[in-house]
There are 2 protein chains.
Amino acid sequence: MDDEAIESEAWYVNSLARGLKVLLAFSQRQEALSTSEVAELTGLSRAATRRFLMTLRYLGYLRSVDNRFVLSAKALDLGYAYLSTSGIVELVQPILETLSATCSETSSLAILEGEEVIYVARTPTRRMIALRVGIGSRIPAYASSLGKAILAFTEQAEADALIESFELKALTPKTIADPALFREEIRTVRANGYAVTASELEVGVASIAVPIMASDRSVIAALNISTHESIHAPQDLRDKFLEPLLNTKADIEAALSAVPHLTLKFRG
Amino acid sequence: MDDEAIESEAWYVNSLARGLKVLLAFSQRQEALSTSEVAELTGLSRAATRRFLMTLRYLGYLRSVDNRFVLSAKALDLGYAYLSTSGIVELVQPILETLSATCSETSSLAILEGEEVIYVARTPTRRMIALRVGIGSRIPAYASSLGKAILAFTEQAEADALIESFELKALTPKTIADPALFREEIRTVRANGYAVTASELEVGVASIAVPIMASDRSVIAALNISTHESIHAPQDLRDKFLEPLLNTKADIEAALSAVPHLTLKFRG
DNA sequence: TAGCGGTTGCGCGCTTTGCGCACAAGTCGC
DNA sequence: GCGACTTGTGCGCAAAGCGCGCAACCGCTA
């Protein structure tokens, strides 16, 4: 192991990390997995893998049918504890519903985690597009209005470091895959106060996002409205949606400041 | 420990179970938790708790602000893996959307896990009611149309054992809290082919559910439409919603039979 | 039927991991 | 300043978890 330095720390519980690795192996494949397949995916020995699988099954997170394992619905408990205790659903969702209703478009709230943004609340309206993207989904930050809005208002040094680490890939012909251009884009977003994306993540999908700040003015999340270019031209997004977005931003920030501990959930 | 018999099995990885226990401790409380608080909630020693917390933080599942820990959004990965690999979203969700749209009411798909049903897909329509209930939420099986529909079509002996173990509590004045009456209700559901609930879980909420079968005719889930008594009288639910429900049931069962491995995700 | 590459389950001895005690070092309130 | 409370951490020790390696069980092919 190359991160021996960490794995051998006195406080590090290797078995927990390994067990979670086994659990996450199931997110990589659709099919039911055998012990050896999981062992290969995780890089653990077959014997160790088996112990973890048996334990996870005993705990109810996995089910098995003749030597093949699948995730059970109990696995939802682990992830959804985040949502159920965060108050996001109760607090943010209704506000998002209102925004979504007034604009007749999909709206989402997301936070930045590493190179990706994670959706934490979402109200789909137009069902045709982006059905796959739900709460908990991750998308590359650099190709999303949400990611750009967060990055633009992150502290300069931290943002630079993050952008530096990005591996910009052209997901569509319109993706901004050049670091210099991307930095320029981020500057523009900061100047405007909002971010627009047109076909950068997926052809035809356009969105406009604004940052959400904590009471200390540091950015913690982003809010966007997402639509299809065939319905709203990208250049019209600002005129049509910026005002409702800014109103909703204010609503959410007010709601967050009333529950200070919730801010922790986004950025600690 | 009273289940020493299991914990001392050779295959049982105690550290993984303990670590997950620590992670789940955060679903019990809204606030940020200190090491000692988690230790108390889990029953582990403070030293052990600390090792797990540090490990989970290192892995990104927890964040911490001066000695207090909260779940991070990465925790969603664990639960999201279940949804993203199950194909439920791609397969069931669109069908549910259609049902929900034709009925103008909330529809949900849930599975039985122990004494509770877990929502695995859901399309809320009327936003006022039951906003808290989302994917991954658990509700007592005996007070829900979904639970009754599943139980009524579970194999007799298994269903009896489950009902036996239920601790029937009167959640509302209308909850069926008597075991004999509940068994009678289940027989009625089996005879009718659908289950109706009126104010049994929450006053004012009414719903009608049908079971979803695997290709071998065993029940694996239930589908319901949920509304408010002030909008639709409980006795009208059958006439209004049973036909669309049965049509959707057929659609879902057809879709499931086309992807046999998906059935495993519900019941193994 | 016998042989063979591919699985899988599992016993066993060894080592290391993770255990909890117990001490040190802060933090608050009187 | 001195208790009563937290929290971080070093240490020695038991056992928990490790992976090797064997045996059993497939489904093929001959």
Side-chain angles (χ1 to χ4, degrees), chain A residues 1-26 29 31-59 61-71 261 264 268, chain B residues 1-26 29 31-59 61-70 260-261 264 268:
Chain A
M1 301 289 155
D2 50 347
D3 38 11
E4 183 92 25
I6 281 144
E7 294 198 358
S8 62
E9 289 286 339
W11 51 263
Y12 191 73
V13 183
N14 212 349
S15 302
L16 173 56
R18 288 170 153 209
L20 289 172
K21 206 173 178 181
V22 167
L23 198 58
L24 283 176
F26 288 89
R29 297 286 181 84
E31 330 91 55
L33 298 174
S34 72
T35 307
S36 336
E37 285 166 350
V38 175
E40 188 155 9
L41 282 170
T42 55
L44 300 173
S45 80
R46 210 166 50 79
T49 303
R50 187 168 181 276
R51 280 190 287 271
F52 289 121
L53 289 172
M54 303 278 280
T55 304
L56 289 168
R57 184 181 59 179
Y58 172 74
L59 295 173
Y61 298 106
L62 298 176
R63 296 189 174 283
S64 70
V65 185
D66 48 35
N67 299 334
R68 306 219 143 242
F69 294 81
V70 289
L71 287 172
H261 86 92
L264 296 180
Chain B
M1 301 285 156
D2 50 347
D3 39 11
E4 183 91 23
I6 280 145
E7 293 197 1
S8 63
E9 289 285 340
W11 51 264
Y12 191 72
V13 184
N14 213 347
S15 302
L16 173 55
R18 290 170 153 209
L20 290 173
K21 207 172 177 184
V22 167
L23 199 58
L24 283 176
F26 288 89
R29 299 285 181 86
E31 330 90 53
L33 298 174
S34 72
T35 307
S36 341
E37 284 164 352
V38 175
E40 186 155 13
L41 281 170
T42 56
L44 301 172
S45 81
R46 212 165 47 80
T49 303
R50 187 168 183 275
R51 281 191 286 271
F52 290 121
L53 289 171
M54 303 278 280
T55 304
L56 288 168
R57 184 181 59 180
Y58 172 74
L59 294 173
Y61 298 106
L62 298 177
R63 296 189 174 284
S64 69
V65 184
D66 50 32
N67 299 336
R68 305 220 144 242
F69 294 81
V70 288
H261 86 92
L264 296 180

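To find a chain, count down the sequence lines: A is the first, B the second, and so on, and within it residues start at 1.
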Requested in this report: Hey, which sits more toward the 5' end of DNA chain C by its nearest nucleotide, A/Asn67 or B/Arg46?
Outcome: A/Asn67

Rounding to an integer number of Å, can you tell me how far [X] [atom1] sits from [N] [atom2]?
{"X": "B/Glu9", "N": "D/dG17", "atom1": "CD", "atom2": "C1'", "result": "14 Å"}
{"X": "B/Asp66", "N": "C/dC28", "atom1": "CG", "atom2": "P", "result": "10 Å"}
{"X": "B/Trp11", "N": "C/dC12", "atom1": "CH2", "atom2": "P", "result": "19 Å"}
{"X": "A/Leu53", "N": "D/dC18", "atom1": "CG", "atom2": "P", "result": "12 Å"}

Is there a donor-acceptor pair closer than 3.5 Å between any side-chain N or O of [X] and the backbone N or O of [Y]?
{"X": "B/Ser45", "Y": "B/Ala48", "answer": "yes"}
{"X": "B/Glu40", "Y": "B/Glu37", "answer": "no"}
{"X": "B/Arg51", "Y": "A/Tyr12", "answer": "no"}

Report task. Determine: side-chain N/O of B/Ser34 to OP1/OP2 of D/dT6, distance under 4.0 Å, yes or no. Result -> no

Report summary line: In this structure, NZ of B/Lys21 is separated from OG1 of B/Thr49 (nearest 0.5 Å) by 10.0 Å

Minimum heavy-atom distance [X]-[Y], with the two atoms named:
{"X": "A/Thr35", "Y": "A/Leu53", "answer": "CA-CD1, 3.8 Å"}
{"X": "A/Val70", "Y": "A/Ala32", "answer": "CG1-CB, 3.6 Å"}
{"X": "A/Ser34", "Y": "A/Arg68", "answer": "N-NH1, 3.5 Å"}

Requested in this report: Starting at the 5' end of DNA chain D, write a dot or bracket for each base, bracketing those in Watson-Crick or G-U wobble pairs whose two distances are under 3.5 Å and using | for partners on another strand.
Outcome: .|||||.|||||||||||||||.|||||||

Report task. Please step through side chain to side chain contact (heavy atoms under 4.5 Å, CB included) for the pair B/Leu23 and B/Phe52, ending with a clear verdict. Result -> CA-CA 9 Å; B/Leu23 199 58; B/Phe52 290 121; over 6 Å; no

What pairs of nitrogen or oxygen atoms, one from the protein and one from nucleotides 14-21 of chain C, lie under 3.5 Å apart?
unit_1, atom_1, unit_2, atom_2, d
C/dG18, OP1, A/Asn14, N, 3.1
C/dG18, OP1, A/Ser15, N, 2.9
C/dG18, OP1, A/Ser15, OG, 2.9
C/dG18, OP2, A/Tyr12, O, 3.1
C/dG18, OP2, A/Asn14, N, 3.2
C/dC19, OP1, B/Arg18, NH1, 3.0
C/dC19, OP2, B/Arg51, NE, 2.9
C/dC19, OP2, B/Arg51, NH2, 3.3
C/dG20, OP2, B/Ser45, OG, 2.7
C/dG20, N7, B/Arg51, NH2, 3.4

